[in-house]
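Quick notes on the structure that follows.
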Amino acid sequence: MDTALHSPAEQALIATAERVLPAGSFGNMPGDLVIREGRGSRVWDESGREYVDFLLGSGPMLVGHAHPEVTAAVQAQVALGTTFFANNRHGIRLAEAIVAAVPCAEQIRFVSTGSEADLYAMRAARAYTKRDKILKFEGGYHGMSDYSLMSLAPKRPGNLPRAIPDSAGIPASVRDEMVIAPFNDIDATAGLVREHKSALAAVIVEPFQRIIPPTPGFLADLRTLTAEHGIPLIFDEVVTGFRLAYGGAQEYYGVTPDLCSLGKVIGGGFPLAAIAGKAEIMAHFDQAKVGDDGFLKQIGTLSGNPVAAVAGLACLEILHRPGAYETIFKTGRALMQSLDEKLKRAGIPAQVLGEPPCFDVVFTTTTAPIRNYRDMLTADPALTRRFNALVRERGILKSEQKYYVSLAHTPDDVRVTQDAWDDAIEQLTKERSRG
Ligand SMILES: Cc1ncc(COP(=O)(O)O)c(C=O)c1O
């Protein structure tokens with residue numbers, strides 16, 4: 001612990017966390033940062049240090065922290081009861097709003113986390129097709145289930161399509177149910193789909209994989225390929241839903257899957273996620289429609305939670321107003337362009353990669369476009385860690401992987417961030433010249 005950086009109160013919290021939490025943390029971020037509060041585009045730690053926040057709670061806070069309209073909606077609902085298990089009007093209205101917004105969504109089922117949404121989307125596809133295998137892409141993130149934690153981040157990627165588990169504790173048999181393909185490579189994917197078509201229950205993809213955009217035509221070709229073979233296509237829209245556009249990546253890239261998972265933004269900062277898709281597949285959540293054999297049992301204590309639903313509805317209402325996405329994209333574009341220019345000017349080999357609401361710098365000497373997980377492995381991990389640390393020291397909060405841009409970020413936040421980048425790049429340049 002750096003005692004120069006932390007107040008005695010924060011030091012005490014960090015010490016307690018180290019005693020009672022494995023690795024001293026909730027598992028998401030290092031335990032040396034304890035956030036006290038957030039408002040708009042800024043957060044403060046327990047030592048009172050202020051940050052321009054590009055972590056956004058790992059994405060949900062797209063309209064900013066403690067937005068007055070979200071807070072008012074939540075406060076009103078808290079006084080009326082916080083969870084009922086039974087249907088409630090706010091969850092029903094949120095489902096209606098999602099069905100109206102998201103192209104593939106004819107019906108939806110609520111769960112509490114994106115991990116669950118992905119797990120049930122894959123299960124629904126299995127129930128529908130009566131097949132077992134799932135094709136996913138190397139480097140694609142679909143939460144924490146046994147099936148999803150395959151070839152997310154293999155340190156030594158093996159021969160595709162063999163899956164490599166990302167975690168201890170996953171039954172060995174699960175890897176045989178997963179087929180791994182390279183993102184943005186339609187020929188390799190088509191070969192695998194043809195080879196496994198009689199066993200494939202679904203193809204699941206992050207349409208915008210981490211920070212890698214799809215190459216032109218890739219998603220459309222994937223749509224055609226899966227449709228040709230009667231294999232449901234699942235878009236994981238936990239990150240992209242209501243972020244790349246109001247209708248998510250499927251609206252933004254113009255390709256409609258059969259099913260999608262949603263999370264983060266739709267819960268407005270509360271635990272709420274969803275599986276959405278074609279009524280024919282969603283029917284497997286309805287025993288009366290599909291009978292005992294086809295029925296997918298799915299129950300969750302907090303599903304459709306009314307507090308989360310009112311928060312989500314308030315966020316969606318704000319995002320639906322004219323100009324919301326233009327503002328987010330304008331901020332993100334300004335940030336991406338200036339980071340790129342600054343790194344070029346400093347002669348630091350790098351690519352700024354992503355879409356304006358979600359991007360990062362990849363420190364690589366490769367000048368060819370980064371198209372998949374293996375291309376990302378050309379990045380210099382030490383340089384990435386150092387730049388992130390320098391930026392953090394200068395009051396910019398982000399995850400190790402990405403900058404999330406919000407509607408609450410202002411031109412002043414952009415200026416503060418640009419100054420922090422200038423300073424961090426200057427320091428990095430000095431350190432690199434010292435070798
Ligand atoms: C693309 C994607 N899918 C699924 C998840 C899992 O969501 P959750 O953390 O809510 O379980 C995440 C989380 O970051 C994600 O980025």
Side-chain angles (χ1 to χ4, degrees), residues 25-29 54-62 98 102 104 108-125 134 136-153 166-167 178 183 202-214 219 233-244 248-250 252-253 257 259-277 298 300-305 308-309 311-312 315 353-355 357-360 372-373 376 398-406:
S25 119
F26 300 158
N28 296 332
M29 295 281 284
F54 294 103
L55 181 57
L56 301 191
S58 192
M61 309 316 293
L62 184 58
I98 293 170
V102 177
C104 83
I108 83 157
R109 169 59 59 95
F110 287 121
V111 288
S112 298
T113 68
S115 285
E116 287 174 90
D118 284 327
L119 170 69
Y120 288 120
M122 289 188 273
R123 192 174 289 167
I134 305 280
K136 83 176 274 290
F137 292 90
E138 191 175 46
Y141 183 36
H142 307 297
M144 289 284 126
S145 72
D146 289 351
Y147 299 95
S148 295
L149 275 180
M150 289 286 166
S151 297
L152 160 63
D166 294 289
S167 170
M178 303 302 289
F183 187 61
V203 169
I204 187 166
V205 65
E206 280 187 89
F208 166 65
Q209 186 174 291
R210 314 283 64 217
I211 55 168
I212 309 174
L219 294 175
L233 177 62
I234 305 170
F235 276 8
D236 181 333
E237 294 241 36
V238 171
V239 165
T240 52
F242 292 92
R243 188 183 313 277
L244 294 192
Q250 42 199 290
Y252 187 68
Y253 296 122
L259 284 176
C260 75
S261 53
L262 295 160
K264 301 201 191 265
V265 175
I266 62 166
F270 290 82
L272 187 142
I275 307 103
Q298 195 285 317
T301 300
L302 293 173
S303 297
N305 175 271
C315 283
L353 190 65
E355 299 281 7
C358 183
F359 67 90
D360 209 341
N372 59 35
Y373 175 75
M376 285 294 270
K398 68 178 286 282
S399 75
E400 283 298 301
Q401 286 86 25
K402 58 177 87 156
Y403 288 81
Y404 272 121
V405 176
S406 81

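Start at 1 and go down the list; that is how both ligands and their atoms are numbered.
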Inset, instruction - Specify the closest pair of heavy atoms between Val102 and Gln250, including all atoms of both residues, with the distance to one decimal. - result: CG1-NE2, 3.4 Å
Legend entry - For Glu206, atoms of ligand 1 separated by under 4.0 Å from a heavy atom: 1 (C)
Inset, instruction - Show your reasoning for whether side-chain contact (heavy atoms from CB on, under 4.5 Å) applies to Val239 and Arg210. - result: CA-CA 9 Å; Val239 165; Arg210 314 283 64 217; 4.2 Å; yes
Inset, instruction - Return a yes/no value for Lys402: is any of its N or O atoms, backbone included, closer than 3.5 angstrom to an N or O of ligand 1? - result: no
Legend entry - Derivation and outcome, side-chain contact (heavy atoms from CB on, under 4.5 Å), residues Phe183 and Ile212: CA-CA 9 Å; Phe183 187 61; Ile212 309 174; 4.1 Å; yes
Legend entry - ligand 1 to Arg210 polar contact by distance, N or O atoms, under 3.5 Å: yes
Legend entry - Protein heavy-atom partner closest to atom 6 (C) of ligand 1 - residue, atom, separation in Å: Ser115 N, 3.6 Å
Legend entry - Distance filter under 4.0 Å to Gly114 heavy atoms, resulting ligand 1 atoms: 6 (C), 7 (O), 8 (P), 10 (O), 11 (O)
Inset, instruction - Return a yes/no value for His142: is any of its N or O atoms, backbone included, closer than 3.5 angstrom to an N or O of ligand 1? - result: no
Inset, instruction - Output the list of atoms in ligand 1 that are nearer than 4.0 Å to some heavy atom of Asp118, sorted by atom number. - result: 3 (N), 4 (C)
Legend entry - Between Lys136 and Ser148: side-chain donor-acceptor atoms closer than 3.5 Å: no
Inset, instruction - Using distance alone, decide if ligand 1 has a nitrogen or oxygen within less than 3.5 Å of any nitrogen or oxygen in Asp236. - result: yes
Inset, instruction - For ligand 1, note which part of Thr113 has a heavy atom under 4.0 Å away: side chain, backbone, both or neither. - result: both
Legend entry - Approximate separation, where rounding is to 0.5 Å, of Phe110 CZ and Ile275 CD1: 10.0 Å
Inset, instruction - Indicate the ring-plane relationship of Phe359 and Tyr403, choosing parallel, tilted or perpendicular according to the 30° and 60° boundaries. - result: parallel
Legend entry - Between Gln401 and Tyr141, a side-chain donor and acceptor under 3.5 Å: no
Inset, instruction - Considering only protein heavy atoms, determine whether one is less than 4.0 Å from atom 10 (O) of ligand 1. - result: yes
Inset, instruction - Check whether any side-chain heavy atom of Tyr404 sits under 4.5 Å from a side-chain heavy atom of Lys264, and report yes or no. - result: yes
Inset, instruction - Would you check the N or O atoms of Val239, main chain and side chain alike, for any that come under 3.5 Å of an N or O of ligand 1? - result: no
Legend entry - ligand 1 contact on Lys264 by region, counting heavy-atom pairs under 4.0 Å: side chain
